[in-house]
Amino acid sequence: MHIDIDTDVCIGAGQCALTAPDVFTQDDDGYSALLPGRDRGGSPLLREAARACPVGAITVSETVG
């Protein structure tokens, strides 16, 4: 599984960090970031966090790349 955050689209709403705090955090500017070591997923709430993003900045795919 691969997680991508489009930093050009992210507005820093924080819905991903609220939904899946074991995967996402917010950087010093308030934008979404992956927690270290979480770039391959594993959280049962990962897809829900991607759906919660109000601007669709997060994509989750089954393949790497």
Side-chain angles (χ1 to χ4, degrees):
M1 189 170 294
H2 180 73
I3 306 162
D4 184 60
I5 301 171
D6 187 338
T7 55
D8 292 330
V9 174
C10 180
I11 60 171
Q15 294 304 305
C16 57
L18 289 172
T19 305
D22 57 330
V23 177
F24 297 97
T25 189
Q26 289 180 283
D27 66 17
D28 291 339
D29 294 320
Y31 295 105
S32 292
L34 290 171
L35 289 169
R38 299 299 182 160
D39 59 340
R40 298 290 177 231
S43 172
L45 295 174
L46 179 59
R47 291 190 187 279
E48 184 59 34
R51 283 191 290 272
C53 179
V55 295
I58 301 169
T59 56
V60 179
S61 60
E62 293 299 323
T63 58
V64 177

Could you check if a side-chain atom of Leu35 sits within less than 4.5 angstrom of a side-chain atom of Asp22, using non-hydrogen atoms only?
-> no

Side-chain donor or acceptor of Gln26 paired with backbone N/O of Gly12 under 3.5 Å = yes

Mark yes or no for whether Asp29, through its side chain, and Tyr31, through its backbone, hold a donor-acceptor pair below 3.5 Å.
-> no

Co-membership, hydrophobic cluster, residues Val23 and Val60, 4.5 Å side-chain | yes

To the nearest 0.5 Å, what is the distance between [atom1] ([X]) and [atom2] ([Y])?
X	Y	atom1	atom2	value
Leu34	Cys16	CG	SG	8.5 Å
Ile5	Thr59	CD1	OG1	9.0 Å
Ile58	Thr19	CD1	OG1	8.5 Å

Apply side chain to side chain contact (heavy atoms under 4.5 Å, CB included) to Phe24 and Ile3, showing your working.
-> CA-CA 10 Å; Phe24 297 97; Ile3 306 162; 4.0 Å; yes

Under 3.5 Å, side-chain donor or acceptor atoms of residues 46-57 against the rest of the protein: list the pairs with distances, not counting sequence neighbours.
residue, atom, partner, partner atom, Å
Arg47, NH2, Glu62, OE2, 2.1
Glu48, OE1, Arg51, NE, 3.4
Glu48, OE1, Arg51, NH2, 3.1

